[in-house]
Amino acid sequence: MDDSLLSDLKLSLRLDSDEEDDTILNRNLIAAESYVKGAIGSDDGLMEGFYELDNVKQSYEIAVIALASSYYTFRSSGMTGRVNTVDMTGNSIIAQLRGKYLKEKERREANGSEHQS
């Protein structure tokens with residue numbers, strides 16, 4: 001887990017350092033990373049290094065932090081009232097990254113497996 005992602009997540013949630021919260025936040029980051037990569041595509045084989053590309057990394061990290069933030073904020077299993085199940089920030093970034101992923105995949109398939117940073 002990238003410590004800078006944890007720091008950015010804590011900053012976005014306006015949390016001070018707390019070991020108990022850090023454990024929860026790290027789990028949320030892992031779950032969010034898994035969700036985002038599952039929604040976009042894996043970064044192994046031909047697509048190795050995709051999430052580290054200059055034009056991808058920042059958007060990827062924002063999507064992960066937005067999703068992990070919502071996991072932390074809405075961690076109650078029982079809720080009353082209206083629930084908005086659409087994470088507009090995360091979904092719009094994921095949609096953009098899907099397009100970049102497909103475009104990069106096509107480029108790599110045409111040129112071999114080398115990737116650009």
Side-chain angles (χ1 to χ4, degrees):
M1 180 62 50
D2 186 353
D3 285 338
S4 69
L5 271 182
L6 178 60
S7 296
D8 289 345
L9 176 57
K10 288 166 79 172
L11 182 63
S12 76
L13 292 167
R14 301 203 182 326
L15 295 176
D16 294 324
S17 198
D18 178 301
E19 196 172 307
E20 194 173 301
D21 277 337
D22 285 0
T23 301
I24 293 167
L25 294 172
N26 274 315
R27 288 178 183 160
N28 291 349
L29 282 169
I30 291 168
E33 284 186 304
S34 177
Y35 179 88
V36 171
K37 286 182 178 180
I40 297 166
S42 68
D43 62 342
D44 56 1
L46 180 65
M47 294 305 289
E48 182 178 348
F50 172 75
Y51 295 101
E52 295 299 318
L53 293 175
D54 291 339
N55 66 340
V56 171
K57 186 174 181 171
Q58 188 173 10
S59 296
Y60 167 72
E61 289 177 352
I62 290 169
V64 169
I65 290 169
L67 188 57
S69 292
S70 68
Y71 289 164
Y72 184 84
T73 302
F74 303 108
R75 55 189 156 162
S76 175
S77 62
M79 299 185 82
T80 61
R82 185 172 176 242
V83 177
N84 185 1
T85 59
V86 177
D87 178 3
M88 298 297 281
T89 302
N91 285 343
S92 65
I93 294 171
I94 286 171
Q96 290 174 346
L97 289 173
R98 279 183 184 146
K100 288 182 180 183
Y101 185 91
L102 293 173
K103 193 173 196 179
E104 178 68 13
K105 186 175 182 183
E106 287 175 3
R107 189 196 65 75
R108 289 184 186 192
E109 287 172 341
N111 297 332
S113 64
E114 79 276 355
H115 66 275
Q116 299 173 352
S117 292

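Values in this document were obtained by computation on a predicted structure and should not be read as measured data.
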What closest approach, in Å, do Arg108 and Glu48 show between heavy atoms, and which atom pair accounts for it?
-> NH1-O, 2.9 Å

State, to 0.1 Å, how close Leu29 and Ala68 come at their nearest heavy-atom pair, and which atoms those are.
-> CD2-CB, 3.9 Å

4.5 Å side-chain heavy-atom contact, Asp21 and Leu13 | no

Inter- and intrachain pairs under salt bridge (charged side-chain N to carboxylate O under 4.0 Å, His left out), touching residues 34-47, at least two apart | Lys37-Asp43

Can you check whether Tyr51 reaches Ser42 side chain to side chain, under 4.5 Å on heavy atoms?
-> no

Under 3.5 Å donor-acceptor, Ser7 side chain and Asp3 backbone | yes

Please round to the nearest 0.5 Å and tell me the distance separating atom CD1 of Ile65 and atom OH of Tyr60.
-> 10.5 Å

Carboxylate-amine/guanidinium proximity below 4.0 Å for Arg107 and Glu104 = yes

Heavy atoms from other residues, nucleotides or ligands near CD of Glu20 exceed 12 (cutoff 6.0 Å) | no

Please report the closest heavy-atom contact between Ala63 and Ile93, naming both atoms and the distance.
-> CB-CG2, 3.7 Å

Would you indicate whether the side-chain heavy atoms of Leu15 and Tyr72 approach each other to under 4.5 Å?
-> yes

How far does CD of Glu61 sit from CG of Leu5, to the nearest 0.5 angstrom?
-> 4.5 Å

How long is the gap from OG1 on Thr23 to CG on Asn28, to the nearest 0.5 Å?
-> 11.0 Å

Measure the shortest side-chain to side-chain distance between Lys100 and Leu53 over non-hydrogen atoms and say whether it is less than 4.5 angstrom.
-> no

Report the distance from atom CG of Leu9 to atom CG of Leu67, rounding to the nearest 0.5 Å.
-> 10.5 Å

Taken in chain and number order and not counting sequence neighbours, the residues that satisfy salt bridge (charged side-chain N to carboxylate O under 4.0 Å, His left out) with Asp22 are Lys10

Sort and list the pairs that fulfil salt bridge (charged side-chain N to carboxylate O under 4.0 Å, His left out) and have at least one residue in residues 89-98, not counting sequence neighbours.
-> none

Spatial distance of atom CG (Leu97) from atom CD1 (Ile40) [nearest 0.5 Å] = 4.0 Å

